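Just so it is clear, the structure is predicted and the values come from calculations on it, not from any experiment. Numbering of ligands and ligand atoms starts at 1, following listing order.
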Amino acid sequence: MSAYPQIRMRRTRQNDWSRRLVRETALGVDDLIWPLFVSDSKTARTPVASMPGVDRLSVTETIKDARRAVDLGIPAIAIFPHIDPKLKNTSGSEAINPNGLVPQTVQAIKAEVPEIGVIVDVALDPYTHHGHDGILEDGEILNDPTVETLAESALVLAKAGADIVAPSDMMDGRIGAVRQILEGADFNSTMILAYAAKYASGFYGPFRDAVGSSAALTGDKRTYQMDPANRQEAIREVALDIDEGADMIMVKPALPYLDIVRDVKDAFQMPTFAYQVSGEFAMIKAAAQNGWLEEQKVVLESLLSIKRAGADGILTYFAPDVARILTAS
Ligand code: PBG
């Protein structure tokens, strides 16, 4: 028997109020994490060409944006550094400098804007002159020595006041090593957000411009980041990071990997985040600037879709715009 006309799906779609009543997913300001690029240059704000509206910030400007985030109701920011190329080397040793740009920035934010959650990427790519997330020897990214450096770096960042450390490298065993060093030093409250299922994606291009790691990047990251073809492997990756002590896990990029977000959320019921990465941002911006897409509409739709797929929160460069939209309506 045909359901029509007893059933007409359009009945509940007729009015704004009834659409609101049956709506299954909501996007809120509490879901947003705002990534910020901090630079050691003297310039207050340097635009990132491939990310319209996004600037590299001096420490002072980063503090101002942290304050802006609080005023907009955004719970947390994520900090990424752009450092003077002179400080870069093969091993990325600047990543463990307690007086480096990021520890100083985190301290300053914690002093000036204590209400904001501070997430810091734990990774070597902003600090290595070859742009890889690990220590490179004879054309190979060495896993275990990289993990040691990452753990030390995480401790430096925790000591500086980072609330959440987020290893984004995809080395094996790094979450366990970070947890162990934090516990050993009595930093048992520091949270770990694991970039657990991070794919070797073409969508990171603009970010690499922003942190200055693209010019020198030799080869690609396929020996450590995941193959975009793989789905079941993501479950194994996430399970390992949870076992090793992750408090939250992330899938990255977001929109092309919504199936993974859903799988991971269903499998583990963990706090699950998705990163709407620089290339996803740039695509929307470029189309909007050409008048081909309506920016506000597609931004909200993309973020809502990421939530619908199962994400509890989203790292997005649109965070301040979206917070303004959501609080205005
Ligand atoms: C590297 C890192 C990357 C991003 C966050 N951390 C780039 C990469 O893996 O090469 C990408 C974020 C974005 O594209 O917005 N540790």
Side-chain angles (χ1 to χ4, degrees), residues 32-38 48-56 76-83 88 92 94-95 102 119-136 141 143 146-147 149-150 153-154 157 162 164-171 174-175 178 192-228 237 249-257 273-286 299 302-303 306 313-319:
L32 303 171
I33 296 168
W34 185 13
L36 297 175
F37 297 109
V38 62
V48 179
S50 50
M51 300 179 73
V54 173
D55 299 326
R56 279 183 215 136
I77 54 173
I79 306 280
F80 298 92
H82 177 279
I83 66 161
K88 300 188 185 194
E94 182 64 12
V102 177
I119 304 173
V120 185
D121 225 47
V122 180
L124 300 187
D125 54 308
Y127 305 109
T128 54
H129 56 50
H130 45 69
H132 277 289
D133 296 49
I135 296 165
L136 181 68
I141 303 298
N143 193 86
T146 299
V147 168
T149 309
L150 290 170
S153 178
L157 297 167
I164 302 180
V165 290
S168 67
D169 54 288
M170 292 297 279
M171 297 300 122
R174 90 277 203 218
I175 299 301
V178 168
I192 302 177
L193 166 60
Y195 284 70
K198 176 172 178 179
Y199 286 86
S201 171
F203 287 100
Y204 307 147
F207 172 96
R208 291 177 189 166
D209 293 342
V211 300
S213 71
S214 56
L217 184 64
T218 38
D220 54 50
K221 301 190 174 183
R222 284 185 293 183
T223 70
Y224 44 105
Q225 298 178 350
M226 281 182 61
D227 184 338
E237 278 285 5
I249 49 105
M250 191 202 295
V251 174
K252 176 182 175 192
L255 216 51
Y257 296 87
F273 294 85
Y275 198 144
Q276 182 180 53
V277 299
S278 56
E280 297 177 71
F281 172 86
M283 285 196 301
I284 294 177
K285 278 285 179 189
V299 168
S302 64
L303 297 178
I306 295 166
I314 306 156
L315 289 92
T316 174
Y317 302 95
F318 291 114

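- Using a distance-only test at 3.5 Å, with no hydrogens or angles considered, no donor-acceptor pair links the side chain of Asp121 to the main chain of Ala123.
- Here the side chains of Val102 and Tyr127 are in contact, with some heavy-atom distance below 4.5 Å.
- Using modelled atom types, one finds no donor on one side chain facing an acceptor on the other under 3.5 Å when comparing Glu280 with Ser302.
- Separation of atoms CG (Leu303) and OG1 (Thr316) is listed at 5.0 Å; rounding is to 0.5 Å.
- Inter-residue side-chain proximity for Pro167 and Leu150 is flagged as unmet; no heavy-atom pair is nearer than 4.5 Å.
- Put simply, the side chain of Arg56 gets close to the backbone of Ala210: a donor and an acceptor are under 3.5 Å apart.
- A heavy-atom cutoff of 4.0 Å around ligand 1 is satisfied by the protein residues Phe80, Asp121, Ala123, Asp125, Asp133, Ser168, Lys198, Phe203, Tyr204, Phe207, Arg208, Lys221, Gln225, Lys252, Tyr275, Val277, Ser278, Tyr317.
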